[in-house]
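Reviewing the structure listed below.
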Amino acid sequence: MATVEKEGKTIEEAVELALSELSAREEDVDIEVLVPPSKGFLGIGARLARVRVSDRRGETAGAVAGDSQVVLASQAGRADAGAAASRAGQQGVAAAKDFLQAVFRAMGIPVSLEKLRSKEAVVLNLRGENLGVLIGKHGQTLDALQYLTGLVVNRRSDGEERTRIILDVEDYRRRRHDTLKKLAVRLAAQVKREGVSKVLEPMSSQERKVIHTTLQADRLVTTVSEGEEPRRKVVISPVNAAGREPVGKYGHNTSGGRAGRERNRHRVRRPAGE
Amino acid sequence: MRELIEVLAKNLVDNPDAVKVAEREENGVFVYELSVAPEDMGKVIGKQGRIARAIRTVVKAAAVRDNRKITVDIR
C-alpha cells in the first residue's frame with residue numbers, strides 16, 4: 001500500500017498532488033487530512049493543508065503480510081491504535097461506504113464520499129449537489145443517517161471495537177459547532193447579567209456537549225442537561241456571587257478527579273455512550 | 001421509496017430475506033408497511049423507538065424531494 005503526504009493551499013490541491021504522484025484516482029485511495037488549511041488573518045498565520053493519501057489498490061489482493069503490517073503499524077504509532085483495531089476500522093469504513101452508497105442510490109441522490117479520519121472517529125464527508133435535504137432541520141436527517149450508519153457498521157462487533165462514524169455535509173458540522181459556541185457564550189453572558197437560568201432548545205448529545213465544553217472554564221455559570229431524549233436540553237445557571245457552587249441536584253456525586261470547588265461543576269447526567 | 005426502506009431495514013436485521021415493504025395509498029398519503037422477522041423487530045425499532053424514528057426521518061427527507069406525504073409503519 002503506497003502512502004504519500006502532500007501539502008497544498010487547499011485540501012483539494014494537496015490531494016491532487018498526491019494522486020498524480022501515486023497515479024491513482026480518488027476512488028482508489030483513502031484520504032486523511034493531517035492539517036486543515038488556514039487562511040490566517042491578513043496573511044498572518046496562514047498555513048498549508050497537509051494530507052496523507054494511501055493507495056488502496058492491491059490491498060485486498062493479499063499484499064505481502066509483512067509489508068502491510070509495517071504500514072499499519074507506522075500509522076498506528078501515530079494514531080495510538082493497534083494494528084488490529086485499525087484493520088477493524090478499515091472494514092467499518094468500507095461497510096459504512098457500502099451502506100451509504102446503497103441508501104443514496106435508493107434516494108436517487110448522487111453523492112460522493114470522502115473519508116477524513118480524526119482522532120477518535122471516522123469522518124465521512126458527503127459531497128454532491130443540493131445536499132441540504134440530507135441535513136434537515138437542525139441536522140436532524142444527518143443525525144438520523146449517522147446513527148443508522150453507526151448501527152450498521154457496528155452491528156456485528158460487540159462493544160470493544162466500535163468504530164465511531166461521523167457524517168458531515170458541506171462542512172455543516174463545523175458551522176453548527178461554531179454557531180453553538182457563539183450561542184453558549186451569548187447566553188452565558190445573559191445569565192450572568194440577569195442572574196437567572198436559561199434553558200436551551202432540545203439538542204442531540206453531541207450538540208449539548210459543545211455547550212458544556214464551551215462553558216466549562218467559565219466559573220460564573222454552570223451547565224447541566226435536563227429532560228429525556230430526544231428532548232434533552234442544556235440549562236445554563238448562574239453560580240452565586242460568592243463564587244460558591246449552587247447546591248445542585250447532582251451535588252452528591254463525588255466521583256471524578258477535579259479538586260475543591262471545581263469538583264461538581266458541570267456534572268452531567270448522561271446516557272451511556274454520550 | 002420502497003427500495004430505500006428495504007435498503008435501510010436489510011442492513012439492520014439478521015434476516016434480510018424476511019424484510020418486506022408493502023406500499024399503499026390512503027387519501028393522498030403513501031403508507032409503507034415494513035415487516036421483518038419477529039426476532040428482528042428490535043433491530044428496526046430500537047430502544048424507545050429510536051431506530052424507527054431515524055428510519056422515518058431519513059425516508060421523510062427522501063419523500064420531500066418527491067413532494068410526497070408518507071408514513072412508515074412497522075409490523
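The model shown is predicted, which means the values in this text are computed figures rather than measured ones. Chain naming here is simple, since letters A, B, ... match the order of the sequence lines and numbering starts at 1 in each.
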Between A:Glu207 and A:Lys233, is there a side-chain N and carboxylate O pair less than 4.0 Å apart?
-> no
A:Gly128 versus A:Glu170, closest heavy-atom pair with distance = O-OE2, 4.0 Å
Report the option among B:Leu8, B:Leu12, B:Val64, B:Val7 that has the most heavy-atom pairs separated by less than 4.5 Å from atoms of chain A.
-> B:Leu12
Contacting moiety of B:Val44, where chain A heavy atoms sit under 4.5 Å = neither
Please look at B:Ile5 and chain A and tell me whether the side chain, the backbone, both or neither of the residue comes under 4.5 angstrom of a heavy atom of that chain.
-> neither
May I ask you to list the residues in residues 132-149 of chain A that approach chain B closer than 4.5 angstrom, counting heavy atoms only, ordered by number?
-> A:Val133, A:Gln140, A:Thr141, A:Ala144, A:Leu145, A:Tyr147, A:Leu148
Exactly one candidate in B:Gln48, B:Arg53, B:Lys47 meets side-chain contact (heavy atoms from CB on, under 4.5 Å) with B:Arg50; the answer is B:Arg53
Salt-bridge contact B:Arg24-B:Glu33 (side-chain N to carboxylate O under 4.0 Å) | yes
Sidechain N-carboxylate O distance under 4.0 Å for B:Glu23, B:Arg68 | yes
State, without any angle test, whether A:Asn125 and A:Asp168 hold a side-chain donor-acceptor pair at a distance under 3.5 Å.
-> no
Answer yes when A:Asp171 and A:Arg174 have at least one side-chain N-carboxylate O distance shorter than 4.0 Å, and no when they do not.
-> yes
